Chemist: 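Shown below is the structure under consideration.
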2 protein chains.
Amino acid sequence: MEKMRSDCPISCSLDIFGDKWSLLIIRDIMLREKVSYSEFLNSEEKIASNILVNRLNALEAEKILIKEVSAKNKSRFIYSLTQKGADLLPVIIEMMDWGAKYNANSPRKELGKKIQKDKTAVIKELSKELKKKIR
Amino acid sequence: MEKMRSDCPISCSLDIFGDKWSLLIIRDIMLREKVSYSEFLNSEEKIASNILVNRLNALEAEKILIKEVSAKNKSRFIYSLTQKGADLLPVIIEMMDWGAKYNANSPRKELGKKIQKDKTAVIKELSKELKKKIR
DNA sequence: AACTTGTACTTGCAAAACGCAAGAACAAAT
DNA sequence: ATTTGTTCTTGCGTTTTGCAAGTACAAGTT
């Protein structure tokens with residue numbers, strides 16, 4: 001990190017992913033099976049291409065993601081979560097739960113309902129799945 | 001909210017507090033007994049006064065905080081969490097846990113160690129405390 | 001071989017957000 | 001009357017973001 005605002009772990013976290021886009025990219029990888037630049041670019045929130053590049057580089061520099069050439073297509077890059085990135089799962093799940101609770105326009109779907117019933121179980125289960133894909 | 005980027009609950013949450021400052025203000029109220037403009041202004045991260053006003057207004061507009069005149073000093077305002085704001089506790093705790101785990105400069109103190117031992121218990125306990133102060 | 005498509009960026013420019021320094025309004029204390 | 005405390009505003013320069021367009025280059029198509 002360039003400049004930390006303080007030693008507070010919350011502040012340190014926000015220094016890394018405290019913006020409107022970083023966690024959406026992580027969500028895409030974590031919960032939506034997206035792995036490439038063009039897939040992120042086509043997400044419903046419509047991130048601008050320069051910001052996407054900027055965030056991917058920042059997240060890679062923080063070792064939250066790692067970037068590798070696709071085995072099948074050499075002109076394609078695959079972004080995967082590291083353990084550090086995968087450990088953001090609880091943060092994502094809690095934000096999802098809060099967002100669903102307080103936003104009328106975001107009704108709970110399958111995952112949202114599971115979270116409502118047993119958050120801990122969901123985190124445990126997804127965490128297990130993520131472990132398989134971690135790089 | 002003015003313009004939501006999508007219905008995704010994570011995206012909705014980020015639309016509200018996806019920046020470097022909002023959650024620090026909430027942290028100050030939640031975990032540091034701070035309640036007033038000048039106390040927030042003097043936090044170690046040194047938020048600029050215009051940004052502080054802007055965020056307090058935004059969080060109040062979202063009904064995450066409420067602003068009331070102090071009983072003791074009429075020229076002082078007291079900011080308190082609503083239930084909606086207090087429900088951000090799990091998000092804050094998870095960010096704290098992640099930040100402490102991955103940042104060498106933010107060693108765990110009392111609360112951090114408690115979180116490490118039994119996150120659920122900490123959330124339950126603090127949630128109970130917060131309930132007393134909710135407006 | 002020329003063309004088209006897919007993938008990952010880059011660039012330019014305007015708009016919005018941020019950071020810093022200074023000051024204003026006003027109640028309370030001295 | 002003056003000072004202090006508290007909240008908020010203003011001005012101005014820097015940084016970040018948003019949008020549109022364009023570039024580079026590998027792979028597939030005709």
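Computed from a prediction, not measured in an experiment: that's the story for all the values here. Letters go in sequence order (proteins before strands), and every chain restarts at 1.
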Chemist: Go nucleotide by nucleotide along DNA chain D from the 5' end; which of A/Ile47 and A/Lys72 gets its closest nucleotide reached first?
Modeler: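 Nearest-nucleotide comparison on DNA chain D picks A/Ile47.
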Chemist: Is there a side-chain polar atom (N or O) of A/Ser38 under 4.0 Å from OP1 or OP2 of C/dG6?
Modeler: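 The answer is no; no side-chain N or O of A/Ser38 sits under 4.0 Å from OP1 or OP2.
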Chemist: Find the distance A/Glu45:CD to D/dC19:P and express it as a whole number of Å.
Modeler: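 Rounded to whole Å, this separation is 13 Å.
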Chemist: Are OP1 or OP2 of D/dG28 and a side-chain N or O of A/Lys74 less than 4.0 angstrom apart?
Modeler: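 Checking A/Lys74 against D/dG28: no side-chain N or O falls below 4.0 Å of OP1 or OP2.
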Chemist: For B/Arg5 and for B/Leu56, locate the closest nucleotide of DNA chain D by heavy-atom distance; then report the residue assigned to the nucleotide nearer the 5' terminus.
Modeler: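 In this pair, the answer is B/Leu56.
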Chemist: So, is A/Trp21 close to the D/dG18 phosphate, meaning a side-chain N or O under 4.0 Å from OP1 or OP2?
Modeler: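 Indeed, a polar side-chain atom of A/Trp21 lies that close.
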Chemist: Would you check if there is a donor-acceptor pair between the side chains of A/Asp19 and A/Ser22 at a distance under 3.5 Å?
Modeler: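 Distance-only check passes for A/Ser22 and A/Asp19.
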Chemist: Over how many whole Å does the gap from A/Leu14 atom CG to D/dT16 atom P extend?
Modeler: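 To the nearest whole Å, that distance equals 16 Å.
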Chemist: What about A/Ser49, does its side chain sit under 3.5 Å from the base of C/dT10 through a donor-acceptor pair?
Modeler: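 Under the 3.5 Å cut-off, the side chain and the base do form a donor-acceptor pair.
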Chemist: Are B/Ser106 and A/Asp7 linked by a side-chain donor-acceptor pair shorter than 3.5 Å?
Modeler: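 No - no donor-acceptor pair under 3.5 Å links their side chains.
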Chemist: Between C/dC18, D/dT9, C/dA8, which nucleotide gets closest to the side-chain atoms of B/Ile51?
Modeler: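 For the B/Ile51 side chain, the nearest candidate turns out to be C/dC18.
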Chemist: Name the nucleic acid region contacted by A/Asn50, choosing base, sugar-phosphate or nothing; use a 4.0 angstrom heavy-atom cut-off, strictly under.
Modeler: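 It contacts base atoms.
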Chemist: What is the distance, to the nearest angstrom, from the CG atom on A/Asp19 to the P atom on C/dA17?
Modeler: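 Atom CG in A/Asp19 sits about 14 Å away from atom P in C/dA17.
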Chemist: Looking at B/Arg76, I'd like to know whether one of its side-chain N or O atoms comes within less than 4.0 Å of OP1 or OP2 on C/dA28.
Modeler: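 For C/dA28, neither OP1 nor OP2 has a side-chain N or O of B/Arg76 closer than 4.0 Å.
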Chemist: Would you call A/Lys84 and A/Glu62 a salt bridge, using N to O less than 4.0 angstrom?
Modeler: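 Between A/Glu62 and A/Lys84 there is a salt bridge, with a charged N closer than 4.0 Å to a carboxylate O.
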Chemist: Let me know the distance between CD of B/Glu68 and P of D/dT6, rounded to the nearest Å.
Modeler: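 Those two atoms, CD and P, are 18 Å apart.
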Chemist: Any base atoms under 4.0 Å from B/Phe40, or only sugar-phosphate, or nothing? Heavy atoms, all strands.
Modeler: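 If one applies the 4.0 Å heavy-atom cut-off, B/Phe40 turns out to touch nothing in the nucleic acid.
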Chemist: Are OP1 or OP2 of C/dC9 and a side-chain N or O of A/Lys67 less than 4.0 angstrom apart?
Modeler: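 True: A/Lys67 side-chain N/O within range (under 4.0 Å) of C/dC9 OP1/OP2.
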Chemist: For the pair made of CG in A/Leu65 and P in C/dA8, what is the distance, rounded to whole Å?
Modeler: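 Atom-to-atom, A/Leu65 to C/dA8, this comes out as 14 Å.
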Chemist: Within this structure, what is the CG-to-P distance between A/Asn42 and C/dT5, rounded to whole angstrom?
Modeler: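 Rounding to the nearest Å, CG of A/Asn42 and P of C/dT5 are 16 Å apart.
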Chemist: Atom CG of B/Asn54 and atom C1' of D/dT10: how far apart are they, to the nearest Å?
Modeler: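 Value for this atom pair: 14 Å.
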Chemist: Check step by step if side chain to side chain contact (heavy atoms under 4.5 Å, CB included) holds for B/Ser80 and B/Lys133.
Modeler: CA-CA 7 Å; B/Ser80 318; B/Lys133 306 179 193 167; over 6 Å; no
Chemist: Report yes if at least one side-chain N or O of B/Arg55 is closer than 4.0 Å to OP1 or OP2 of C/dA17; otherwise report no.
Modeler: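 Answer is no, no contact under 4.0 Å.
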Chemist: How many whole angstroms separate atom OH of A/Tyr37 from atom C1' of C/dA8?
Modeler: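 Interatomic distance, OH of A/Tyr37 to C1' of C/dA8: 6 Å.
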Chemist: Any idea how B/Trp98 and A/Phe17 line up, ring-wise: parallel (<30°), tilted (30 to 60°), or perpendicular (>60°)?
Modeler: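 Rings of B/Trp98 and A/Phe17: perpendicular, over 60°.
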